[in-house]
Undergrad: 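The structure that follows is given in the form of structure tokens.
The analysis underlying the following values was restricted to heavy atoms, covering all of them including side chains, and did not include hydrogens, waters or symmetry mates.
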Amino acid sequence: MRIIEQYTEGKSAKVPSEDAAVVTAFYAAVIDGATPKTGFRYPGGETPGHLAARLLSDAIRSLPADLDAEGCVTTLTKALHQDNVTPSNRPIASLVVYSAARHEVWMIGDCQFGYLDGENIFRTVTNAKLIDKCLSEWRRDIILSYLARGCMSAAEIAANDPGRRIIQPIITHQVRYQNAKTPNPFNYTMLDGEPVPKHYIKVFHLPADVHQLVLASDGYPVLMQSLEQSEKELHRLLQEDPLCIGPLLGTKGVQPGNNSNDDRTYLRLEL
């Protein structure tokens, strides 16, 4: 495996990115640490998302070459486990991993990947959560209502988002759907230090002729074949839709002073 391009940038210069990328002789991974919904910090000020990215990065560097997806997730779950922490404050992360030994991509949560196939077509795979889609649409409708009635300007909404404020209680408590064992359309999966049901682990067998692979966090709304193309499209969309109620539809907009609405990591590999 050879790194062609690697890039990580946080959404704010004031807070370290909660994303990370790791490449070893056997694995490549992009990790997206989840920003806490409660403002919780560990002693020293580290966020749960940053701790998750750090612990998982260290664990991936020590993984044996012959693990399957389930074995990888079990090992990483143990590395992430924290005692005496409430479910809302656990270190939590999404993850996409490439196994060189198995020529497979494994997905836990809403990271993404793309690959150049034998016909030279760049194909992408995403794993968005239904609950995020529903909350994003609700937030959009709230904001459009405020704008239509002239209650707030776009600048005022960016600084004090009424849509985010209204959906926040559900965001805080959506952890009840995380790795849930009882069937529900809102269920989703993340690595959080607790056992992950096997059926949540997505395994993709790459075609034998795939020699170029991109792993990325969901900070890139459109994943493209190169970092330059992905960055260009991201900045175009940020300029067009800073409130994130259109093509960048999301549960939050770009905060004043931030450069994006989310941390982002891009990793392109020659296999």
Undergrad: When you check the side-chain N and O atoms of E9 and S17, is any donor under 3.5 Å from an acceptor?
TA: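 Side chains of E9 and S17: no pair found under 3.5 Å.
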Undergrad: Could you go through the side chain to side chain donor-acceptor pair (under 3.5 Å) check for H211 and Y115 one step at a time?
TA: CA-CA 8 Å; H211 297 291; Y115 61 90; over 6 Å; no
Undergrad: Rounded to the nearest 0.5 Å, how far apart are CG of L55 and NE2 of H50?
TA: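 So the gap between those two atoms works out to 10.5 Å.
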Undergrad: To the nearest 0.5 angstrom, please state how far the CG atom of L215 sits from the CD atom of Q6.
TA: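 These two atoms lie 10.5 Å from each other.
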Undergrad: Could you walk me through whether F204 and F113 pass the ring-ring contact (aromatic ring centres under 6.0 Å, His included) check?
TA: CA-CA 10 Å; F204 296 85; F113 74 93; 5.3 Å; yes
Undergrad: Would D161 and R139 count as a salt bridge (Lys or Arg N to Asp or Glu O under 4.0 Å) here? Give the steps.
TA: CA-CA 9 Å; D161 187 332; R139 172 182 169 270; 2.8 Å; yes
Undergrad: Going by atom types only, do Q82 and R90 share a side-chain donor-acceptor pair under 3.5 Å?
TA: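 The criterion, which ignores hydrogens and geometry beyond distance, is not satisfied for R90 and Q82.
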Undergrad: Have T189 and Q178 got a donor and an acceptor in their side chains that come within less than 3.5 Å?
TA: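 There is no such pair between these side chains.
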Undergrad: Looking only at side-chain N and O atoms, does K11 offer a donor or acceptor that is under 3.5 Å from a partner on N259?
TA: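 Their side chains do not contain a donor-acceptor pair, so the 3.5 Å distance test is not met.
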Undergrad: What do the steps show when you test K232 against E228 for salt bridge (Lys or Arg N to Asp or Glu O under 4.0 Å), and what is the final call?
TA: CA-CA 6 Å; K232 185 176 180 180; E228 181 181 8; over 6 Å; no
Undergrad: Quick check for you: to the nearest 0.5 Å, what is the distance between R164 atom CZ and W138 atom CH2?
TA: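 One gets 12.5 Å once the value is rounded to the nearest 0.5 Å.
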Undergrad: Show your reasoning for whether side chain to side chain donor-acceptor pair (under 3.5 Å) applies to T35 and E18.
TA: CA-CA 7 Å; T35 301; E18 293 170 319; 2.6 Å; yes
Undergrad: Examine the side chains of E70 and T74 and answer whether a donor and an acceptor come within less than 3.5 Å of each other.
TA: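 There is no such pair between these side chains.
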Undergrad: Can you list the steps and then say if Y7 with Y266 is a ring-ring contact (aromatic ring centres under 6.0 Å, His included)?
TA: CA-CA 5 Å; Y7 183 72; Y266 186 100; 8.7 Å; no
Undergrad: Measuring from atom CD1 of I167 to atom CD1 of I171, what distance do you get when rounded to the nearest 0.5 angstrom?
TA: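 Answer rounded to 0.5 Å: 3.5 Å.
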Undergrad: Say whether Q239 and H235, considering side chains only, have a donor N or O and an acceptor N or O under 3.5 Å apart.
TA: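 Looking only at side-chain atoms, H235 and Q239 do not form any donor-acceptor pair under 3.5 Å.
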Undergrad: When you look at I60 and I31, which way does the side-chain contact (heavy atoms from CB on, under 4.5 Å) test go after all the steps?
TA: CA-CA 10 Å; I60 289 166; I31 304 158; 3.9 Å; yes
Undergrad: Tell me yes or no: between the side chains of R149 and S145, is some donor less than 3.5 Å from an acceptor?
TA: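 S145 and R149 do have a side-chain donor-acceptor pair below 3.5 Å.
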Undergrad: Within this structure, what is the CG-CD1 distance for the pair L213 and I4, rounded to the nearest 0.5 Å?
TA: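 Nearest 0.5 Å value for the CG-CD1 distance: 9.5 Å.
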Undergrad: Just by distance, no angles: are the side chains of D83 and H81 close enough, under 3.5 Å, to form a donor-acceptor pair?
TA: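 On atom types as modelled, these side chains qualify, holding a pair under 3.5 Å.
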Undergrad: When rounded to the nearest 0.5 angstrom, what distance separates CZ in R268 from CD in E5?
TA: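 These two atoms lie 4.0 Å from each other.
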Undergrad: Tell me which donor-acceptor pairs under 3.5 Å the side chains of residues 105-112 have, and how far apart each pair is, sequence neighbours excluded?
TA:
unit_1: W106; atom_1: NE1; unit_2: E104; atom_2: OE1; d: 2.9
unit_1: D110; atom_1: OD1; unit_2: S94; atom_2: OG; d: 2.9
unit_1: D110; atom_1: OD2; unit_2: K129; atom_2: NZ; d: 3.3
unit_1: Q112; atom_1: NE2; unit_2: S217; atom_2: O; d: 2.9
unit_1: Q112; atom_1: NE2; unit_2: Y220; atom_2: O; d: 2.8

Undergrad: I'd like to know if the side chain of Q229 and the backbone of S226 have a donor-acceptor N/O pair within less than 3.5 Å.
TA: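 Side chain of Q229 to backbone of S226, a donor-acceptor pair under 3.5 Å: yes, one is there.
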